[in-house]
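The analysis underlying the following values was restricted to heavy atoms, covering all of them including side chains, and did not include hydrogens, waters or symmetry mates. Just so it is clear, the model here is predicted, and its values are computed rather than measured. Along the sequence shown, residues carry numbers from 1.
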Amino acid sequence: MTIEMILALGILILMIVAIMSDKFAFGAPPLMACLLLVVTGLSTVQEAFAGFVNPSVVMVAGFMVVMAGLMKTSLIGKVQSSMLSLVNKGGYKSYALLLVVVMLGASLAGTGSTGYYVLILSLISTIPYNKKMPTSKLMMPLGFATNHPLIPFNVALLYGVTVSVLETAGYTGGLSMTKFAVVNFIVSLGFLAWSLIAYRLLPDHALMEEEATAYDEVAATTETYAMPAWKEYSIIAAFLISVVGMMLMNMLGNAAFVIPGIAGAFLLIINVLDFREVRDNMGAPVIIMMAGVIGVADALANSGFTAMVGDSVANVLGTDINPFIFILIFALLTSTCATFTGSNMGSVFIFAPIAIATSISLGMNPAAAAIAVVISGWNGGYMPIDGMPAMILGMGKYKLPQFWLFSVPMYLVRIVMICVGAMIMFP
């Protein structure tokens with residue numbers, strides 16, 4: 001390892017330890033890590049703080065403003081009431097039903113939809129504390145559920161990436177989208193099974209102090225606020241445009257990243273939100289967390305650390321290895337790399353070529369390895385240092401051990417199911 005690799009890895013570890021200590025404000029450790037990157041010479045100021053102009057961060061920050069406006073409408077009150085009635089009917093049955101509903105919604109949004117997970121997490125955060133089903137028991141499973149379509153027909157992104165890495169490696173055997181979708185379905189079933197089992201392991205606490213009040217008091221407060229109908233319609237339109245824009249990212253290109261910000265500016269202009277509210281939501285701790293970790297992730301990749309790990313594993317594996325163990329190792333490496341660097345695509349393109357080339361030389365089906373590597377790139381999340389996991393930890397007010405109690409077994413279940421599905425469908 002070079003000095004640059006050691007320094008980058010040390011700063012990453014220091015950041016994780018600081019997050020685990022709970023002695024710093026949420027979002028502060030990544031900022032301190034970015035400062036250390038500059039001081040140690042690993043990154044320029046522009047590189048260390050690149051996350052603050054990262055398109056995804058800009059998009060989520062804008063959407064947080066739109067969600068703040070949506071929370072003031074009667075529509076959110078009705079949705080909230082519907083979720084509350086489901087929560088109040090009975091803990092476990094309602095929990096299972098909510099999981100299925102969110103996963104069905106993910107079927108439309110597709111895996112890794114930023115707009116969808118921000119929407120679901122924001123909605124959960126509006127539900128007042130209820131002893132029958134605390135929102136702390138919903139935030140984590142429903143948040144991760146947004147990444148698991150129960151009916152995986154919208155798999156174009158991951159399928160396209162898989163075909164691309166196979167073709168780049170010289171594989172011309174073709175790939176069935178139907179079989180690819182079945183692998184995703186198997187992964188979703190594994191996630192659903194773990195979430196149903198983990199219900200009793202999830203903590204019981206209010207997400208915010210004010211949430212511990214009775215629902216009647218919250219409802220009474222909400223009813224006292226009257227908003228003109230035209231403003232409500234304007235807010236809902238801004239919200240829908242933002243969600244559709246984010247979901248059509250592949251078609252709209254760069255415009256999709258700023259559509260939520262434009263919608264948020266519109267809400268400021270029509271006086272739904274004042275500037276202080278816009279500023280506080282765009283600069284929320286979870287946004288600072290997301291932006292800060294990107295600089296650390298880039299430094300780790302630029303130091304050559306991730307590429308070195310991939311090369312080392314390829315040399316160590318040799319030629320006499322069980323096919324399942326082989327793809328399991330690469331799925332673990334890819335997902336871990338994506339978890340710590342925040343780069344799903346980058347991690348896939350580091351490990352997929354190695355996995356495919358090794359598969360071909362060992363006489364294995366390279367499609368199974370490619371599929372496992374690609375899907376695993378979007379199924380890390382056991383550390384809260386990237387978008388959705390960071391938001392879940394922050395908005396759910398979880399301690400890191402509480403987060404790990406759910407996320408680590410979930411991660412292992414998903415990775416195993418990815419490999420099982422890939423081996424079954426592409427033997």
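- Using a 4.5 Å heavy-atom cutoff, the side chains of Trp194 and Pro141 are not in contact.
- Interatomic distance, CZ of Arg279 versus CG of Asp274, reported as 9.0 Å (0.5 Å rounding).
- Looking only at side-chain heavy atoms (C-beta outward), Phe49 and Leu31 come within less than 4.5 Å of each other.
- The side-chain hydrogen bond (donor to acceptor under 3.5 Å, both in side chains) search around Glu277 returns Lys72, not counting sequence neighbours.
- The CD1 atom of Ile375 sits 9.5 Å away from atom SG of Cys419, with the distance rounded to the nearest 0.5 Å.
- Applying the ring pair (Phe, Tyr, Trp, His ring centres under 6.0 Å) rule to Tyr199 yields the partners Tyr92, Tyr95; only residues at least two apart in sequence or on another chain are considered.
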Contacts table for residues 178-190: side-chain donor-acceptor under 3.5 angstrom, sequence neighbours left out:
| unit_1 | atom_1 | unit_2 | atom_2 | d |
| --- | --- | --- | --- | --- |
| Asn184 | ND2 | Phe180 | O | 2.9 |
| Ser188 | OG | Pro149 | O | 2.8 |
| Ser188 | OG | Asn184 | O | 3.2 |

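- Looking at Asn147, its side chain does come within 3.5 Å of a backbone N or O of Trp378 through a donor-acceptor pair.
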Full working for side chain to side chain contact (heavy atoms under 4.5 Å, CB included) between Met391 and Met64: CA-CA 11 Å; Met391 289 188 72; Met64 293 288 280; 4.0 Å; yes
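- Applying the side-chain contact (heavy atoms from CB on, under 4.5 Å) criterion to Val53, with sequence neighbours excluded, gives no partner residue.
- A 4.5 Å side-chain heavy-atom check between His148 and Leu192 finds every atom pair outside the cut-off.
- Counting only distance, with no hydrogens or angles, the side chain of Glu232 and the backbone of Ala229 share no donor-acceptor pair below 3.5 Å.
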Would Phe191 and Met417 satisfy side chain to side chain contact (heavy atoms under 4.5 Å, CB included), going step by step from the backbone distance to the final call? CA-CA 9 Å; Phe191 167 80; Met417 295 303 286; over 6 Å; no
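- Listed for the Ser136 side chain is a donor-acceptor partner under 3.5 Å among the backbone atoms of Pro203.
- Not counting sequence neighbours, the partners of Arg276 by the salt bridge (Lys or Arg N to Asp or Glu O under 4.0 Å) test are Asp280.
- Contact of the Leu142 side chain with the Leu121 side chain is not registered, since no non-hydrogen atoms from C-beta on lie closer than 4.5 Å.
- The side-chain contact (heavy atoms from CB on, under 4.5 Å) search around Val258 returns Ile262, not counting sequence neighbours.
- Under the 4.5 Å side-chain criterion, counting only non-hydrogen atoms from C-beta, Val58 is not in contact with Phe257.
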Steps toward side chain to side chain contact (heavy atoms under 4.5 Å, CB included) verdict (Val420, Phe324): CA-CA 8 Å; Val420 168; Phe324 179 83; 3.9 Å; yes
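- If you take CG on Asn365 and CD1 on Ile327, they are separated by 9.5 Å, rounding to the nearest 0.5 Å.
- In this structure a side-chain-to-backbone donor-acceptor pair under 3.5 Å is missing from Thr334 to Ala331.
- Thr146 contributes a side-chain N or O that, together with a main-chain N or O of Gly143, makes up a donor-acceptor pair within less than 3.5 Å.
- Here Leu412 pairs with Val408 under the side-chain contact (heavy atoms from CB on, under 4.5 Å) rule; sequence neighbours left out.
- When each of Ile415, Leu328, Ile371 is tested with Ser376 by the rule side chain to side chain contact (heavy atoms under 4.5 Å, CB included), just one qualifies, namely Ile415.
- With sequence neighbours left out, Val278 forms a side-chain contact (heavy atoms from CB on, under 4.5 Å) with Val65, Leu268, Leu273, Met282.
- The shortest non-hydrogen separation linking Ala68 to Asn281 is CB-ND2, 3.5 Å.
- Put simply, the side chain of Tyr382 never gets that close to the backbone of Phe403: no donor and acceptor are under 3.5 Å apart.
- Rounded to the nearest 0.5 angstrom, Lys397 NZ and Met139 CE are separated by 9.5 Å.
- Considering only residues two or more places apart in sequence or on other chains, Ser335 meets the side-chain hydrogen bond (donor to acceptor under 3.5 Å, both in side chains) condition with Tyr411.
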Between Leu99 and Phe144, does the side chain to side chain contact (heavy atoms under 4.5 Å, CB included) criterion hold? Intermediate values first, please. CA-CA 10 Å; Leu99 269 173; Phe144 283 114; over 6 Å; no
